[in-house]
Amino acid sequence: MENNEQNLSEILQIRRDKLAELQQMNKNPFDITKYEQTHSSKQILDGFDDLEGKRVSVAGRLMSKRGMGKVGFCDMQDNEGKIQLFVKKDLLGDDEYALFKKYDIGDIVGAEGVVFRTQTGQVSVKVDKITMLSKSLLPLPEKFHGMTDTDLRYRQRYIDLIMNADVKDTFVKRSQIISAIRAYLNGLGFLEVETPMLVSNAGGAAARPFETHFNALDENFKLRISLELYLKRLIVGGMDRVYEIGRVFRNEGLDTRHNPEFTLMELYQAYTDYHGMMELTENLYRHLAQTVLGTTKIVYNGIEMDLGKPFERITMVEAVKKYSGVDFNGIHTLDEARKAADEHKVEYEERHKKGDILNLFFEKYVEEHLIQPTFVMDHPVEISPLTKKKPDNPEYVERFEFFMNGWEMANAYSELNDPIDQRERFKAQEEQLAQGDEEANTTDEDFMRALEIGMPPTGGIGFGIDRMCMLLTDSPAIRDVLLFPTMKPLDK
RNA sequence: GACUCAUUAGCUCAGUCGGCAGAGCACCUGACUUUUAAUCAGGGUGUCCGGAGUUCGAAUCUCCGAUGGGUCACCA
């Protein structure tokens with residue numbers, strides 16, 4: 001609040017006056033440094049049979065007050081949930097009870113008393129000592145409707161978390177999902193590593209980077225758009241199983257499924273290929289759903305997806321044939337591809353080659369149909385600059401994208417380890433860049449040196465962690481799984 | 001970036017045809033010793049998102065701007 005004291009509206013001034021009153025009585029809540037909690041709300045509710053009649057101390061935020069005669073009830077919310085406090089004048093004494101009556105919803109309190117059940121059956125704490133531990137100067141949203149304005153919820157997430165238990169639950173689940181991924185991969189002998197976010201060449205994905213400046217070196221840097229090129233350097237260095245879970249940044253649009261900074265998990269495993277990555281993906285997803293949700297059948301927006309069954313596998317060419325009727329096995333030249341695109345209203349640009357057009361067909365006709373877990377395999381080489389070609393057909397590569405709910409959930413390949421081929425692929429990317437593809441990669445010379453030292457055959461995969469959390473928590477927007485999503489600043 | 005809808009009290013929302021700014025919750029005063037969105041009596045606490053215009057008069061109509069939601073475009 002920027003308002004000075006004189007400008008505060010009455011509703012705000014009253015709370016400040018109450019605080020001043022406490023301070024004058026030498027009961028400044030902000031002087032208190034700690035409070036001992038013997039039990040959480042949940043422990044008392046779950047363990048009532050053992051705790052009935054026993055003395056406990058609890059602490060949390062006052063969420064509601066009722067029945068203010070010589071006896072009062074309040075709901076106190078702590079980290080685990082809510083517990084009702086029963087506060088009686090006889091037990092507290094006249095002076096303390098008078099102070100308690102001035103407590104506001106939102107204040108943080110500590111209470112001591114005996115666990116019991118009220119006449120209506122509600123497990124409660126019969127309070128004989130209550131202390132204000134922090135005064136709330138701003139009123140919370142109304143108790144019944146809570147806070148629903150999405151703008152306010154995202155900007156003031158602290159209020160959202162107080163008012164909406166399901167929001168807190170979503171973020172608890174997100175934390176559990178990431179913990180479960182770490183535990184699973186660590187159990188397979190993977191090593192978690194951290195690689196630079198500030199880079200001079202942002203490669204490994206097709207995206208426009210954010211740019212910044214490092215004063216000490218007077219150099220322009222970019223924020224990373226993927227983790228790939230550094231993790232592969234580690235494979236070269238003999239770290240055979242590595243992964244990183246970290247933030248990447250892409251200077252692109254923002255909608256219900258995209259935030260400019262998001263969490264990517266990339267993993268590289270030496271001596272395996274994309275088939276190994278498919279097996280790992282299938283096992284990992286199944287494990288996560290079972291661990292976090294307790295079932296392999298997840299429901300997103302009313303649609304059930306079964307992670308328990310073997311995931312479907314289809315090549316990109318087969319998928320395009322299935323959903324658009326166009327068979328790229330019979331298309332051999334760019335002219336033929338363009339003709340097919342024209343006939344099927346697929347828009348393409350001058351720089352697009354045959355493989356790009358196949359991908360455009362895929363995006364237009366196939367993606368939305370891939371609801372159940374599906375591996376789409378064998379992409380065209382033109383859109384896969386870091387991937388090994390298929391031994392029997394150099395127009396395609398050993399790559400798959402994992403789809404669920406029509407969304408791309410993961411992207412994996414048999415990593416290209418032939419440095420001569422890799423240099424040609426970078427060169428082709430630079431030609432695309434020259435022709436106006438702002439998302440094309442450029443040659444990373446240090447990465448090239450690493451490949452020339454020699455990288456074992458390797459399988460690699462990247463997962464979008466935020467989308468994974470959306471699916472597993474049935475969240476409609478990516479902003480619902482980000483504690484503080486990117487928002488346009490209000491202050492100028 | 002385009003289109004579209006929204007913005008009124010701390011929160012959730014009404015506000016008719018352009019004519020004194022409204023309700024519920026919260027809050028204040030009082031009553032009430034087992035309440036559950038407690039109840040009863042009284043009290044409205046406001047930059048109607050910001051600016052300009054039309055008008056005797058604008059929360060309401062017009063234009064410009066801000067922020068957000070949705071859809072599309074780009075992407076994961």
Side-chain angles (χ1 to χ4, degrees), chain A residues 1 3 7-15 17-18 62-75 82 84-92 97 101-106 116-124 126 136-156 159-160 162-163 204-208 225-226 248-266 347 363 367 401-404 406-411 437-439 462-468 470 476-479 485 487-492:
Chain A
M1 278 280 125
N3 311 40
N7 286 341
L8 290 175
S9 70
E10 188 186 341
I11 201 164
L12 303 181
Q13 187 60 52
I14 286 165
R15 290 190 177 217
D17 292 344
K18 285 179 178 176
L62 282 186
M63 295 302 290
S64 69
K65 294 170 80 183
R66 294 178 295 278
M68 304 308 295
K70 293 183 180 62
V71 61
F73 300 86
C74 14
D75 294 324
K82 286 181 187 172
Q84 178 169 275
L85 303 181
F86 173 63
V87 185
K88 205 165 146 185
K89 194 173 186 176
D90 298 347
L91 291 171
L92 223 55
Y97 193 78
K101 285 186 80 167
K102 292 194 174 183
Y103 282 13
D104 286 310
I105 289 171
F116 80 118
R117 204 189 277 278
T118 62
Q119 283 181 3
T120 51
Q122 174 109 23
V123 174
S124 306
K126 190 180 285 182
S136 169
L137 295 180
L138 289 175
L140 286 172
E142 179 234 338
K143 63 188 169 193
F144 189 57
H145 297 92
M147 179 182 266
T148 58
D149 186 295
T150 49
D151 184 27
L152 289 176
R153 284 184 44 225
Y154 298 145
R155 287 182 195 275
Q156 303 175 17
I159 298 178
D160 193 27
I162 292 168
M163 300 306 296
R208 293 165 65 181
I225 58 173
S226 85
V248 299
F249 308 85
R250 298 190 182 175
N251 207 339
E252 287 160 353
L254 173 148
D255 61 31
T256 51
R257 292 202 303 284
H258 300 87
N259 197 67
E261 51 177 310
F262 65 102
T263 300
L264 195 58
M265 193 275 279
E266 285 193 33
E347 291 180 23
E363 287 173 359
E367 278 191 0
E401 288 177 297
F402 173 50
F403 279 84
M404 275 179 76
W407 301 344
E408 184 193 334
M409 301 299 295
N411 184 17
D437 181 356
E438 291 176 311
E439 296 171 348
F463 291 94
I465 297 296
D466 309 286
R467 283 193 184 171
M468 184 189 273
M470 287 172 70
I478 192 169
R479 292 179 149 192
M487 303 293 283
K488 200 157 178 173
L490 291 176
D491 301 327
K492 284 287 171 296

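Every chain is numbered from 1 and lettered A, B, ... according to where its sequence line falls, protein lines coming before strand lines. Excluded from the calculations below are hydrogen atoms, water molecules and symmetry mates; all remaining heavy atoms, backbone and side chain alike, are included.
Across every strand in view, B/rG18 sits unpaired, with no contact that passes the Watson-Crick or G-U test at under 3.5 angstrom. In a base pair of the Watson-Crick type (N1 to N3 plus N6-O4 or O6-N4) or a G-U wobble (N1-O2 and O6-N3), with each distance short of 3.5 Å, B/rU35 is matched with no nucleotide. Partner assigned to B/rC49 is B/rG65, using Watson-Crick or G-U wobble distances below 3.5 angstrom. Summarising the base pairing, B/rC3 is matched to B/rG70 through a Watson-Crick or G-U wobble pair whose two defining distances lie under 3.5 Å. Using the Watson-Crick or G-U wobble rule with both distances under 3.5 Å, B/rC27 pairs with B/rG43.
If you check distances only, the side chain of A/Glu142 never reaches the base of B/rG10 with a donor-acceptor pair under 3.5 Å. No N or O donor and acceptor, one from the side chain of A/Thr148 and one from the base of B/rU12, sit under 3.5 Å apart. For B/rU35, the base has a donor-acceptor partner in the side chain of A/Gln84 [N/O atoms by modelled type, under 3.5 angstrom].
Residue A/Gln119 is classed as a base contact, given a heavy-atom separation below 4.0 Å to a base. Within 4.0 Å (heavy atoms only), A/Met163 reaches no atom of the nucleic acid at all.
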Listing time: all N or O pairs from protein to nucleotides 72-74 of chain B that are below 3.5 Å?
unit_1: B/rC74; atom_1: O2'; unit_2: A/Glu439; atom_2: OE2; d: 3.4
unit_1: B/rC74; atom_1: N4; unit_2: A/Asp255; atom_2: OD2; d: 3.0

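Nearest-nucleotide assignment on RNA chain B puts the 5′-proximal partner with A/Thr256, out of A/Thr256 and A/Leu264.
Within 6.0 Å of the CZ atom in A/Arg208, the count of heavy atoms belonging to other residues, nucleotides or ligands does not exceed 12.
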